[in-house]
Amino acid sequence: MFKALILFFLLGTGTIVAQDLVINASVIDAQTKRPIPFVNMIFVNHKIGTSADANGSFRFTVKERLKDESVYISCVGYEQRTLKVSDLLNSTVSLNQELNTLSEVNLYKMHFENQERVNSFRGKQIVGLGNFSGGAYPSALARYYERPEKFEKACFLKSVEIQFYKILGKPCQKATFRLRVLSVDTDNKPGKDLLGADLIIDKPEGKQNLKVDLIPYKINVPQEGFFVVVEHIFIEENKFSESYTIKVNDSIGYKEYLVDRYAPVFKGVETSPDDKEISAFYRSIEGWKSIELLNTAASAMNGKLPTPAFKILFTD
């Protein structure tokens with residue numbers, strides 16, 4: 001029996017009330033001059049941010065006192081830039097493409113003779129995974145997978161299946177998100193992109209699982225393994241509201257609050273903190289943090305940890 005549990009960890013600051021400075025900006029490729037869609041803009045010292053739309057345009061409202069603050073502008077395949085808010089007002093920002101060296105991924109021929117499937121959901125309690133930033137800024141969820149031992153030479157990622165959590169009483173809404181495959185960094189956290197492309201996925205309304213074909217990207221799995229990452233995109237089309245009832249005090253009683261969130265809600269599984277075979281991370285303002293840092297003792301999870309889960313298919 002699945003728990004009707006959706007985990008939105010309020011690690012951010014919440015919705016800004018005093019809004020008096022509107023950031024309007026566009027982001028383009030420095031070489032081609034074409035718009036870059038779904039770029040992330042995140043404040044360096046504040047837990048707020050947003051994403052550009054499909055046309056590479058931002059519109060974000062903040063307090064005027066933040067005009068001298070710095071923001072990161074970043075997107076897969078491009079060098080990150082740091083700019084002041086005042087420099088973004090009614091501006092066009094250019095990003096340079098990252099220069100990637102040729103990897104061994106391109107040196108093997110694919111045979112498709114052997115396959116191995118990994119199902120991270122088997123025998124696990126299901127949970128829903130939303131915005132780990134509390135809807136304050138674009139964040140991401142990552143899970144580590146080992147390279148199967150049966151492949152002596154080349155081992156490729158054939159497909160990744162992603163499942164979505166249906167919110168009780170609501171349809172499984174249409175949503176756009178980013179799929180990434182990352183290497184393992186020297187600190188065992190998610191590292192560099194292995195896809196070599198910005199893979200944007202459109203989930204149709206009502207769809208509860210999607211299998212993404214990765215054969216065209218020829219990702220040869222490193223010996224040290226890899227991370228599968230799903231990243232929320234903070235655009236209007238993905239926005240929905242969650243209602244929360246919170247006790248203010250004894251005289252006022254309870255008050256209902258509406259908080260903006262961003263779809264999709266991914267299916268994940270409960271894991272024990274003692275399960276050392278599972279390594280998962282969420283991305284915060286400070287970078288990648290281990291799921292183990294979350295304190296769920298007082299929640300319905302009773303100390304268990306929410307972990308992203310995917311169905312992985314390997315081939316040679």
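Only this structure's heavy atoms are used, side chains among them; waters, hydrogens and symmetry mates stay out. Not measured: the values here are computed from a predicted model.
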| note | By side-chain contact (heavy atoms from CB on, under 4.5 Å), Tyr72 pairs with (sequence neighbours left out) Val44, Gln80, Thr82
| query | Hey, is the main chain of Trp288 close enough, under 3.5 Å, to the side chain of Lys189 for a donor-acceptor pair? | reply | yes
| field | Greater than 12 external heavy atoms within 6.0 Å of Glu146's CD | value | no
| Would you call Arg180-Asp193 a salt bridge at under 4.0 Å N-O? | yes
| message | For the residue pair Thr92 / Ser26, report whether a side-chain donor-acceptor contact shorter than 3.5 Å exists. | response | no
| request: Would you indicate whether the side-chain heavy atoms of Ile291 and Phe132 approach each other to under 4.5 Å? | output: yes
| If you count the non-hydrogen atoms of other residues, nucleotides and ligands that lie under 6.0 Å from NZ in Lys150, is the total more than 12? | yes
| query | Can Ile200 be reached from Val76 by stepping across I, L, V, M, F, W or Y side chains whose heavy atoms are under 4.5 Å apart? | reply | no
Taking distance alone, no hydrogens or angles, what donor-acceptor pairs closer than 3.5 Å link side-chain atoms of residues 33-43 to residues at least two apart or in another chain?
unit_1: Lys33; atom_1: NZ; unit_2: Ala30; atom_2: O; d: 3.0
unit_1: Asn40; atom_1: OD1; unit_2: Ser51; atom_2: OG; d: 3.0
unit_1: Asn40; atom_1: ND2; unit_2: Glu231; atom_2: OE2; d: 3.1

| field | Common cluster, Leu182/Tyr217, ILVMFWY with side-chain heavy-atom separation under 4.5 Å | value | no
| query | Just wondering, more than 12 heavy atoms not from Glu236 lying within 6.0 Å of its CD? | reply | no
| message | Count I, L, V, M, F, W, Y as connected when their side-chain heavy atoms are under 4.5 Å apart, and connections chain through other members. Are Val118 and Leu141 then in the same cluster? | response | yes
| query | If we only count heavy atoms from C-beta on, is the Asp29 to Ser94 side-chain gap below 4.5 Å? | reply | no
| field | Gln31 atom CD: more than 12 heavy-atom contacts under 6.0 Å | value | yes
| request: Any chance you could measure Arg147, atom CZ, to Cys155, atom SG, to the nearest 0.5 Å? | output: 5.0 Å
| request: Verify, without hydrogens or angle tests, whether Arg283 (side chain) and Lys289 (backbone) share a donor-acceptor contact under 3.5 angstrom. | output: no
| Within 6.0 angstrom of Glu286 CD, more than 12 heavy atoms from elsewhere | yes
| message | With salt bridge (Lys or Arg N to Asp or Glu O under 4.0 Å) as the criterion, how do Arg178 and Asp198 come out once you've worked through the C-alpha distance, each side chain's angles and the decisive distance to 0.1 Å? | response | CA-CA 8 Å; Arg178 179 178 278 115; Asp198 190 14; 2.6 Å; yes
| said: Tell me every residue that passes ring-ring contact (aromatic ring centres under 6.0 Å, His included) with Phe227, counting only those two or more places apart in sequence or in another chain. | reply: Tyr144, Phe281
| If Ile, Leu, Val, Met, Phe, Trp and Tyr residues are connected whenever their side-chain heavy atoms lie under 4.5 Å apart, and connections chain through other members, are Val71 and Ile235 in the same group? | no
| query | Any side-chain heavy-atom pair from Leu313 and Arg117 closer than 4.5 angstrom? | reply | yes
| How are the rings of Phe226 and Tyr145 set to each other: parallel, tilted or perpendicular (split at 30° and 60°)? | parallel
| task | Check step by step if ring-ring contact (aromatic ring centres under 6.0 Å, His included) holds for Phe177 and Phe266. | result | CA-CA 11 Å; Phe177 66 96; Phe266 299 101; 5.3 Å; yes
